[in-house]
Amino acid sequence: MSIAYDPETVEKNAREYWETSRCFEVVEDKNKEKFYCLTMFPYPSGKLHMGHVRVFTINDVIARYQRMQGRHVLQPMGWDAFGMPAENAAIQRSVPPAQWTYSNIDDMRAQLKRLGYAYDWTREITTCRPEYYRWEQWLFVTLFKKGLVYRKNAIVNWDPVDQTVLANEQVIDGRGWRSDALVERREIPQWFMKITAYADELLDGLDHMPGWPDSVKIMQRNWIGRSEGLELSFEVQDEDEPLTVFTTRPDTLFGVTYMAVAAEHPLAEKAAADNADIATFIEACKKMGAAEATLETIEKKGMPLGISALHPISGEQVPVWVANFVLMSYGTGAVMGVPGHDERDWQFAKKHGLPIVQVIAPSDGSDIEIDAAAFLDKGVLINSGDFNGLDFDAAVDAITKFFEASGRGSWTINYRLRDWGVSRQRYWGTPIPIIYCDDCDAVPVPVDQLPVVLPEEVEFTGHGSPLKDMPEFINVACPQCGKDAKRETDTFDTFVESSWYYARYTGPDNEQAMLDERAAYWLPVDQYTGGIEHAILHLLYARFFHKVLRDEGLIDTNEPFTNLLTQGMVLKDGGKMSKAKGNTVDPQGLIDKFGADTVRLFMMFAAPPEQALEWSDAGVQGSFRFLKRFWNTVGEHADGGPVVELELDSLTDTQKNLRRKTHQTIAKISDDIGRRYTFNTAIAAAMELLNAVNRFDDESDTGRAVVHEALEAVVLMLSPVVPHACHALWSVLGHATPIIDMAWPKVDEQALVRDVIEIVVQVNGKLRGRISVPIDADNDAVSAQALADPNVQRFVGKNEVLRTIVVPGRLVNIVV
RNA sequence: GCCGGGGUGGCGGAACUGGUAGACGCGCCGGACUCAAAAUCCGGUUCUGGAAACAGAGUGAGAGUUCGAUUCUCUCUCCCGGCACCA
């Protein structure tokens with residue numbers, strides 16, 4: 001008599017086997033085909049949440065499936081350990097961020113082990129450890145020397161009450177989240193990495209990444225935003241510095257009726273000096289977020305500065321305005337306004353009574369009313385002096401030539417992508433390895449003095465970085481001249497750590513170099529899985545770093561991630577699970593109650609990975625019930641003792657049918673997991689086969705052998721999803737070799753052969769009958785049989801058959 | 001506002017290349033077992049009409065292409081992700 005399914009024991013046994021056999025620890029082996037299978041590593045926020053369980057389970061299924069395909073699989077795990085929540089916890093609970101983080105890591109590691117993921121734990125990475133971050137300090141210094149790192153002013157959110165810099169997330173409706181004070185824009189010097197130097201390569205690479213979803217590639221392409229256009233200058237009356245602007249529509253140049261500059265622009269500041277209204281307006285502009293979403297949705301406001309720019313061709317005067325939607329740090333801090341042919345400019349001109357001039361007419365000669373709406377199409381130039389009558393191409397060509405000849409403009413390539421600001425005014429991050437000396441300016445910390453270690457024992461107040469109160473950290477001798485100097489107290493954006501961790505997993509123990517020859521064996525990552533919310537920033541920064549590391553000679557490939565799978569969120573009651581809503585479901589409780597396999601199964605069954613997953617407690621019950629049924633079916637079969645060898649020639653039709661179902665299912669699941677990543681349909685197919693086995697009532701020797709084949713297939717194919725149960729069931733089926741060392745089952749093409757198939761018959765596209773036809777019947781025979789069907793005849797009747805469409809093997813459509 | 005994705009039974013979802021809409025599971029209804037309940041097993045379950053056979057309607061809304069549209073095109077609408085300092 002078989003024993004009842006007890007996940008607690010079953011899972012403990014499997015875990016112990018994996019641990020003692022160390023079967024997931026891998027070393028480089030040139031004779032084996034490697035498969036590097038990675039998820040985006042978690043931020044150690046406390047406990048695992050459902051989103052973690054989902055992404056890790058998806059990746060674990062792929063890793064275990066690939067292992068069964070014979071690949072040498074590396075699946076590592078680590079911790080994206082620097083970040084803001086640790087600082088918040090420190091303020092709330094008076095625990096240093098380091099202590100909080102390490103304790104969370106210990107808890108979450110234990111949870112991951114309980115879930116049975118096939119990780120090589122010998123490669124674990126923790127980014128807040130100096131042995132990790134020292135190498136990104138080294139890289140920063142190296143890039144500094146190469147000129148790929150520079151310092152410039154950039155905007156931050158300043159909380160005037162808490163006297164601290166806020167993250168965008170901490171600004172709620174323009175106010176500080178703790179102080180409720182109106183947040184101000186403030187410019188401070190910050191460090192930047194020149195990602196724009198790689199803009200073209202990052203863009204072109206997207207064309208050679210078939211393993212990435214189109215949606216992600218399109219988003220990145222739009223983000224980089226390469227455009228070609230004319231860069232030109234407007235002289236400003238009584239000023240030495242011209243206003244430089246970029247336009248992709250030089251053909252509309254004669255339609256410029258105003259210029260707009262940012263509040264921080266020198267022209268605006270100058271005008272504010274002797275005009276109180278302008279000064280007030282500029283102050284108001286600065287009390288506004290810098291986020292693109294804000295700029296694009298706010299009410300567009302502006303004020304004339306009382307100065308004029310000179311149109312570079314006509315010489316006419318156009319007024320210069322200051323506007324709240326122009327930012328100094330993006331581009332040149334100035335834009336030209338062409339209200340006749342740009343939607344936003346049109347709105348702005350309408351509102352402020354600025355003239356709207358039509359300079360483009362429709363190509364078909366029709367009339368338009370420029371006062372009613374902007375005309376955005378390309379057309380023929382009018383009101384454009386010598387350029388009247390030219391079409392778009394000719395006009396762009398002629399106007400560009402005019403500027404290039406006069407030296408006041410040139411055809412250039414422009415990117416929406418901006419350089420990556422990596423400075424953060426926070427404590428819990430990698431110290432930026434820079435020393436400021438009064439004589440030598442910013443000096444990188446010499447490589448032999450790295451790492452600059454972040455002190456972990458700190459008092460945390462929440463008012464700025466504790467590093468600023470630590471003279472022992474700040475005061476240092478200038479590496480160049482030896483004079484007293486001061487350390488940078490800013491730390492890196494945490495995206496810096498996550499931009500190269502995937503490479504460090506290949507050699508996490510190397511104390512002499514960032515990366516070594518092991519990177520060449522494992523990279524690139526074959527399968528990368530993570531949230532769609534990282535489609536742009538993280539994935540673009542990682543691609544950038546990969547190219548930088550390549551140019552440093554540390555790796556020899558162009559792209560970090562060959563195949564990308566972006567999984568959807570886990571929802572509850574149609575919305576995001578969040579602590580604020582109080583609708584979180586703790587995976588631990590479910591693991592304790594049902595076991596890890598039930599949780600894994602539900603996660604994979606409830607939705608395809610790319611879609612949002614709606615959480616359902618009842619669905620978890622269903623998964624548990626299925627596992628019990630699965631367990632009992634295999635157990636009851638095994639109770640009948642060993643089975644005989646299958647004699648394929650002597651099968652009955654029913655036996656043949658079950659066998660066909662077995663091999664159809666192998667084909668289906670192999671495709672679902674291997675190609676489509678639709679684990680939900682793979683599990684559904686396994687359930688179907690198991691249902692067929694349960695309906696199959698044949699205790700003969702051959703019957704039991706057919707069942708045995710089906711059950712072996714199901715156990716093997718479900719083992720990536722529910723590995724603990726399948727580890728046990730494989731031995732129940734009489735095998736000495738552990739299932740973790742088994743290969744994926746193979747399809748017997750002979751078993752799939754059938755001689756009669758069912759065809760659907762439609763009349764005028766509506767389903768009216770089904771017929772059985774020989775597999776090799778020709779189209780004429782099939783349509784004749786379809787027409788003969790009694791129900792089909794009812795609808796065809798005396799009507800004339802106009803057309804008959806036969807889709808071989810599928811359907812017949814009779815058009816009357 | 002801009003970029004990307006999504007909307008299918010009471011619920012999660014399936015339908016892969018334009019060809020049977022609703023696989024599989026949940027829930028619900030009925031039955032078996034039980035003194036009873038739980039668990040388990042069997043059957044039914046898109047809606048409307050019908051005892052049934054079957055018929056009509058039906059994939060966010062509206063139009064279009066097609067012999068045939070959940071699938072392709074256009075317009076609209078609602079929801080989700082991203083917008084450079086949440087990770």
*Please map the stems of RNA chain B, keeping only stretches of three or more Watson-Crick or G-U wobble pairs with both distances under 3.5 angstrom.*
B:1-7 with B:77-83, B:10-12 with B:24-26, B:27-32 with B:40-45, B:46-49 with B:54-57, B:60-64 with B:72-76
*Quick one: what's the B/S/- string for nucleotides 44-53 of chain B, heavy-atom cutoff under 4.0 Å, read 5' to 3'?*
----------
*Pair A:Lys286 + A:Glu184: basic N to acidic O under 4.0 Å*: no
*Interatomic distance where NZ belongs to A:Lys593 and C1' belongs to B:A39 [whole Å]*: 14 Å
*For the residue pair A:Tyr5 and A:Trp631, does the interplanar ring angle fall in the parallel (under 30°), tilted (30 to 60°) or perpendicular (over 60°) class?*
tilted
*d(CZ, A:Arg770; C1', B:G19) in whole Å*: 13 Å
*Rounded off to whole Å, could you give me the CZ-to-P distance for the A:Arg810 and B:A21 pair?*
12 Å
*Tell me what A:Leu811 touches on the nucleic acid: a base, only sugar-phosphate, or nothing, going by heavy atoms under 4.0 Å.*
base
_Parallel, tilted or perpendicular, judged at 30° and 60°: which one describes the rings of A:Tyr501 and A:His538?_
tilted
*asked:* Classify the ring geometry of A:Phe82 against A:Trp428: parallel below 30°, tilted from 30° to 60°, perpendicular beyond 60°.
replied: perpendicular
_Please encode protein proximity along nucleotides 11-16 of chain B as a string of B, S and -, counting only heavy-atom distances under 4.0 Å._
-BSSSB
*Is the A:Tyr198 ring parallel, tilted or perpendicular to the A:Phe544 ring (thresholds 30°, 60°)?*
perpendicular
*Position toward the 5' end of RNA chain B (nearest nucleotide), A:Glu296 or A:Val807*: A:Glu296
*Could you encode protein contacts along nucleotides 81-87 of chain B as a string, one character per nucleotide from 5' to 3', using B for base contact, S for sugar-phosphate-only contact and - for no contact, with a heavy-atom cut-off of under 4.0 Å?*
BSBBBBB
*Summarise how protein sits on nucleotides 62-76 of chain B as a single string, 5' to 3': B when a protein heavy atom is under 4.0 Å from the base, S for sugar-phosphate-only contact, - for no contact.*
-----B---------
Polar pairs (N or O, both sides) under 3.5 Å between protein and nucleotides 57-60 of chain B?
from  : atom 1 : to       : atom 2 : distance (Å)
B:A57 : OP2    : A:Lys766 : NZ     : 3.1

*For B:G62, does the O4'-C1'-N9-C4 (purine) or O4'-C1'-N1-C2 (pyrimidine) torsion place it in syn, i.e. within 90° of 0, or in anti?*
anti
